[in-house]
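Keep in mind the model is a prediction, meaning the values are calculated, not measured. Residues: numbered from 1 along the sequence shown. What's counted below: heavy atoms across the whole structure, side chains too, no hydrogens, waters or symmetry copies.
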Amino acid sequence: MISQKKFSLRLLLTICTVFAFLCFVSSPVEAAVKRYQFDIQVKNVSRLCHAKPIVTVNGMFPGPTIYVREGDRVLVNVTNHAQYNMSIHWHGLKQYRNGWADGPAYITQCPIMMGSSYVYDFNVTGQRGTLWWHAHILWLRATVYGAIVIMPKQGTPFPFPQPDREEVILLGEWWNADVEAVEKQGNSLGLPPNMSDAHTINGKPGPLFPCSEKYTFAMEVEQGKTYLLRLINAALNDELFFAIAGHNMTVVEIDAVYTKPFSTQALLIAPGQTTNVLVRANQIPGRYFMATRPFMDVPIPIDNKTATAILQYKGIPNTIIPTLPNLPRPNDSAFAFSYEEKLRSLNSPQFPAKVPLKVDRHLFYTIGLGRNACPSCINGTRLTASLNNISFVMPQVGLLQAHYFNMKGVYTTDFPDNPPTPFNYTGAPLTANLGTSKGTRLSRISFNSTVELVLQDTNLLTVESHPFHLHGYNFFVVGTGIGNFDPTKDPAKYNLVDPPERNTVGVPTGGWTAIRFRADNPGVWFFHCHLELHTGWGLKTAFVVGDGPGPDQKVLPPPNDLPPC
């Protein structure tokens, strides 16, 4: 006969075991909540023999890396101690239904005022790889930027050889002067502002610049090991080549999407883009320069100096002088084209390329530079930029708020699907009748419709390459070419099987690019050139994507701490 005490104990143990088992089988592993504190503060920093105050996050330049895992929830409390208004964009994160956490000032939120805070609260769903964050107001992203590293779900390996170690490589720019003052001076004169004084790798220009011996990023490697480099182009205005002396790189991911691996001696990366490469330390142990410099295939003045960092084999003394890589020539369009053509989505059963094959809405946007009257400017005109001849005017309230609360008079939804006047877009330079119309004009897109957008460069003043970024979405780059887009012949050459999937794409100089996406993310989503110069001149617009019929297909309500306008 079992005693009452023993029976009760056994019953209790059985109940606990069953309860624990039920908990185990019925609830998946809880997604982690990652919390970060971003203090926007001014700090004195010295580069190129110049010391100056810069805006930073937590006193760091570049700012801190955010590490998350696919499926995590992220809360970043941004407190603004600087004299500038601030907003932070989480570049490449889709922010499903949650544009309130996207960050572009006056598009999805009003900026965070001095002395105020805002919590960016978002989920990382269905994405893994390298993205980044940056200020999305004025030119403050010159110093306010950092990496976002999204690891795959626990137990999910990379679809490429597991690296022994990884490193974030942020490519940027440095001005000796106050960047905001430089931009203001350019605007008041109606001319392009002064170009940067150096490029940087992880905030450091490298030893080819004065006073920069100690401002050089160095990475130690061991013979025979493999390293994953997470490259980010955080520069304001330059597409960049990157190479490592003596070492090939294997491209395995772009814009947080896995690619078919290919080997290359150099790569091209536009502002806003990310590229992951594998590098094997298989050369004679020594010191090798990593180097970056701009790609520019038209005669426009740029900061053409080479920034360097050092790949140093373990045990090699610092007295050994590193060798420089052979970077492509600054105007090497042939390399740029051949490199871009090698980029293909992995398109595996686990990571399929879901390219829209049927298109509901065809859009054709021309990219142009222009001149508008400006009596106070140096030539009586101000340089502008436009899409379909419209220079975008920034509103004074957030467009997402205006959309969500149905506020009148903030924007119109009559952005044209095609240019108002067709012409020979890439023919002889057009230097007359360069005025643009101005307005806060958006394009309305039906929920879940498929969109094809052809971006056409033009020779208004000059042809030039333009990296375009779409917030809230990835898209497929189905075609690209030089000259004028031919709607009857060019679509037949599209890649609809494994085109690269990105959030930022370069439109080639004097050419066109065609992208496709499914509009399954309701809200207001910014679309703009990622050259800060051109964005400031008006080369931007936004898509208003309507709600879907389901309860989980509508824009979420705004958070209580959304910054007021």
| Below 6.0 angstrom between ring centroids: does that apply to Y145 and H91? | no

| said: Please list all pairs meeting side-chain hydrogen bond (donor to acceptor under 3.5 Å, both in side chains) that have one or both residues in residues 182-206, counting only residues at least two apart or in different chains. | reply: W139-E183, E173-S196, S196-D303, H199-D238, H199-D303

| said: Pair Q41, T56 - check side-chain hydrogen bond (donor to acceptor under 3.5 Å, both in side chains), show working. | reply: CA-CA 5 Å; Q41 50 197 206; T56 69; 4.8 Å; no

| query | Between Y339 and F262, does the ring centroid distance fall short of 6.0 Å? | reply | yes

| Could you state the interatomic distance from NE2 (H530) to OG1 (T535), rounded to the nearest 0.5 Å? | 7.5 Å

| query | With the threshold set at 4.0 Å, does a side-chain nitrogen-carboxylate oxygen contact exist between E167 and R230? | reply | no

| query | Passes side chain to side chain contact (heavy atoms under 4.5 Å, CB included), F289 versus T323? Steps please. | reply | CA-CA 6 Å; F289 272 134; T323 51; over 6 Å; no

| query | Just wondering, do L455 and F468 contact through their side chains at under 4.5 Å, heavy atoms? | reply | yes

| Are there more than 12 heavy atoms of other residues, nucleotides or ligands under 6.0 Å from atom CD of Q350? | no

| query | So do Y84 and I137 actually touch side chain to side chain, heavy atoms under 4.5 Å? | reply | no

| said: side-chain hydrogen bond (donor to acceptor under 3.5 Å, both in side chains) for N318 and Q312? Distances and angles first, verdict last. | reply: CA-CA 9 Å; N318 290 349; Q312 181 157 343; 2.7 Å; yes

| message | I'd like to check P192 versus L383 (side-chain heavy atoms, cut-off strictly below 4.5 Å). Are they in contact? | response | yes

| task | Check whether any side-chain heavy atom of I66 lies under 4.5 Å from a side-chain heavy atom of V149, and answer yes or no. | result | no

| Does Y215 have its ring centroid less than 6.0 Å away from the ring centroid of F209? | no

| query | Less than 4.5 Å apart, any side-chain heavy atom of F517 and any of V355? | reply | no

| Steps toward side-chain hydrogen bond (donor to acceptor under 3.5 Å, both in side chains) verdict (D102, Q95) | CA-CA 7 Å; D102 190 41; Q95 307 286 14; 4.9 Å; no

| task | Output yes when K493 and D490 qualify as a salt bridge under the 4.0 Å nitrogen-oxygen rule, no when they do not. | result | yes

| query | Would D164 and K225 pass as an ion pair if we require N to O under 4.0 Å? | reply | no

| said: If you apply the rule ring pair (Phe, Tyr, Trp, His ring centres under 6.0 Å), what do you find for F526 with H136, and how did you get there? | reply: CA-CA 11 Å; F526 205 22; H136 212 300; 5.8 Å; yes

| task | Could you tell me whether Y120 and F38 have their ring centroids closer than 6.0 angstrom? | result | no

| All pairs passing side-chain hydrogen bond (donor to acceptor under 3.5 Å, both in side chains) where residues 257-266 contributes a residue, at least two apart | K260-D498

| field | Geometric cation-pi criterion, K52 with W175: 6.0 Å, 45° | value | no

| Ring-ring centroid check H528 H471, cutoff 6.0 Å | yes

| Check against side-chain hydrogen bond (donor to acceptor under 3.5 Å, both in side chains), T426 and N459 | CA-CA 5 Å; T426 55; N459 208 353; over 6 Å; no

| query | F475 and Y473: aromatic ring centres closer than 6.0 Å? | reply | no

